[in-house]
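Heavy-atom basis, side chains included; hydrogens, waters and symmetry copies ignored. Remember, predicted model here, so these are calculated numbers, not experimental data. Just so it is clear: chains get the letters A, B, ... in the order the sequence lines come, proteins before strands, and each one is counted from 1.
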There are 2 protein chains.
Amino acid sequence: MSTAAPTASAMPRRARTQAQKTARRQAILDVADAYFRESGFEAFSMAELAKRAGVAKGTLYLYFETREEVLLALYVELLDDWRQAFCVGLAGALDDEAFVRLFFDTSRADPAFLTVVSRMDSVIEHNVSREKLIESKRALAATLERIFDEAAGSLRLPPEKAAETIRALAFLVLGASQLDKGPALEEMNLPEDVRAFATSFSSESIFLPNALRIIAGIRSGN
Amino acid sequence: MSTAAPTASAMPRRARTQAQKTARRQAILDVADAYFRESGFEAFSMAELAKRAGVAKGTLYLYFETREEVLLALYVELLDDWRQAFCVGLAGALDDEAFVRLFFDTSRADPAFLTVVSRMDSVIEHNVSREKLIESKRALAATLERIFDEAAGSLRLPPEKAAETIRALAFLVLGASQLDKGPALEEMNLPEDVRAFATSFSSESIFLPNALRIIAGIRSGN
DNA sequence: TAATATAGCTGACCTTCGGTCATTTACCAA
DNA sequence: TTGGTAAATGACCGAAGGTCAGCTATATTA
């Protein structure tokens, strides 16, 4: 549908300066973001992305070495979006329960987020160059650092304890994204016993209490 | 290499009885297991599996509807292997720390285990029939039930508390399998800051203390 | 303004993948 | 010995990620 033309009419057909190249890469990434939300991970195809971005497939490969690199770049953006949403929610003092709830809800709010995060493993291990991997790791580390800071303030914990808390909650929420197939299985009309089994792994019923136990443990100095 | 012939010379070229079909399916699955450990998830190809199993590709599809179904079947087997190893380790009374350590070590002992589990999401959501999904879910539920029982005995917790504990540890260990890219990144010779970032998510340093915090919380009645 | 050089862009093409199905043939029963 | 049945086969298909020789938009120069 929308044939590019994001910012202004200032985009020439060929990106010759570094700034233009950066802008074009970002434009592709914006299209990729929207397309990903529609297609999901497995169905995300480079040919279709090219079509939607209004460029030839080969052009994509001038801006991204592989499909995985596109998804990795998407991941970096999504984590920063997560951070922003989380920090907004942190405004005002929260008790531990509200904190945990916010962490959970923020992760769930953007369906694309957990979809990408839960597949990082397959993405980064294969088919991303060392350089791009390092670059994205640094970006992720920086974003996390900001999250740690905000969390420390809200939780009134020393920085290292706050970082430990966030890392633990990240483990939990990722496990949740793997095992909790609730939403995806809803529509399959499963037998009662199978449904009960799936429900016993609903992330809400596991993430929240255990996240609280972890914070309690950290507060009490293990 | 080894061209089938698992049990005896009793395998005819065509599997006509139900027992023979089951045996052939299992033989393929055994080859798949070995091949998977060599190839990893992404590189696991049906054509290569057929070659190694000594059958035509079409034959695979008489025994498995899709590639994903093969991997799902593999998962069911791997979880039961995990259970066995875990239960062996549970012999004798363990304190909470040893229990957590055993859970962790057992998960790490078989590299194929976390590789498969951490991708179940992508596997089951797409491309497995409702029937096969139900079948495997039931098998997984049964295996987990046995794990719960054993854990309840070792932890001296009521069954429901033990189940809650295992589910929480499962979340943690899965999160770990996602975020802890330590081993995979070892060989990339990363810069120090990136390496430090990766190390901060090493599953050992996060899984163990937080698993203990969770158990402590459960013991104290939340 | 016209000619030239540079490099961004293109899409036909390659390989490989998961999956299908008309055909072949191993096996058993009559 | 001789069908009849169905397990096994592998050529084939569409779609995927990725490549690259050639095309052309643009900046530079005269």
Side-chain angles (χ1 to χ4, degrees), chain A residues 3-4 9-28 31-32 35-36 39-73 119 122-123 126-129 132, chain B residues 3-4 9-28 31-32 35-36 39-74 119 122-123 125-129 132:
Chain A
T3 28
S9 58
M11 190 68 146
R13 295 216 201 161
R14 304 237 170 145
R16 300 184 71 98
T17 72
Q18 195 53 47
Q20 286 169 337
K21 287 183 188 179
T22 303
R24 173 146 296 182
R25 185 185 150 106
Q26 189 56 49
I28 293 173
V31 174
Y35 168 42
F36 181 86
S39 72
F41 191 96
E42 281 72 26
F44 185 93
S45 115
M46 293 297 270
E48 177 64 21
L49 173 59
K51 191 181 296 180
R52 293 185 183 220
V55 298
K57 188 155 60 141
T59 306
L60 290 186
Y61 288 89
L62 298 175
Y63 293 92
F64 302 92
E65 289 169 14
T66 60
R67 172 183 186 264
E68 282 70 24
E69 196 192 310
V70 177
L71 296 168
L72 187 58
R119 285 166 173 91
S122 31
V123 168
H126 312 282
N127 232 1
V128 173
S129 70
K132 295 293 179 176
Chain B
T3 28
S9 58
M11 192 64 147
R13 294 216 203 160
R14 305 252 169 128
R16 300 183 70 100
T17 72
Q18 195 53 49
Q20 286 168 338
K21 288 184 188 177
T22 303
R24 174 146 294 181
R25 185 185 151 107
Q26 189 56 49
I28 293 173
V31 174
Y35 168 42
F36 181 86
S39 71
F41 190 96
E42 280 70 28
F44 184 91
S45 113
M46 292 297 269
E48 177 64 20
L49 173 58
K51 192 181 294 179
R52 294 185 184 220
V55 299
K57 188 157 58 143
T59 305
L60 291 186
Y61 287 90
L62 298 176
Y63 292 93
F64 302 92
E65 288 170 14
T66 60
R67 171 181 187 263
E68 281 71 23
E69 197 191 309
V70 177
L71 296 168
L72 187 57
L74 216 52
R119 284 167 175 91
S122 30
V123 167
E125 276 186 39
H126 312 282
N127 232 2
V128 173
S129 69
K132 295 294 181 179

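- Listed by chain and number, the residues in a side chain to side chain contact (heavy atoms under 4.5 Å, CB included) with B/Ala56 are B/Thr59 (sequence neighbours excluded).
- Within 4.0 Å of B/Tyr63, counting heavy atoms only, lie sugar-phosphate atoms of the nucleic acid but no base atom.
- Partners of B/Glu48 under the salt bridge (Lys or Arg N to Asp or Glu O under 4.0 Å) rule, at least two apart in sequence or in another chain, are B/Arg52.
- Partners of A/Arg24 under the side-chain hydrogen bond (donor to acceptor under 3.5 Å, both in side chains) rule, at least two apart in sequence or in another chain, do not exist in this structure.
- With sequence neighbours excluded, the residues that form a side chain to side chain contact (heavy atoms under 4.5 Å, CB included) with B/Lys21 are B/Ala15, B/Gln18, B/Tyr63.
- Here chain A contacts DNA chain D (any atom closer than 4.0 Å to a heavy atom, that is under 4.0 Å), and the contacts span D/dG17 to D/dA27 from 5' to 3'.
- With sequence neighbours left out, B/Lys132 forms a salt bridge (Lys or Arg N to Asp or Glu O under 4.0 Å) with B/Glu69.
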Practice item. For nucleotides 17-30 of chain C, just jot down a letter per nucleotide in 5' to 3' order: B, S or -, based on protein non-hydrogen atoms under 4.0 Å. Key: -BBB----BBBS--

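- When the side chain to side chain contact (heavy atoms under 4.5 Å, CB included) test is applied to B/Val70, the partners found at least two apart in sequence or on another chain are B/Leu29, B/Ala32, B/Phe44, B/Met46, B/Leu49, B/Phe64.
- Taking the side chain to side chain contact (heavy atoms under 4.5 Å, CB included) definition, one finds that A/Ala43 meets it with A/Ser39, sequence neighbours left out.
- Cation-pi geometry between B/Arg67 and B/Phe36 is not met: the NZ or CZ atom fails to fall both under 6.0 Å from the ring centre and inside 45° of the normal.
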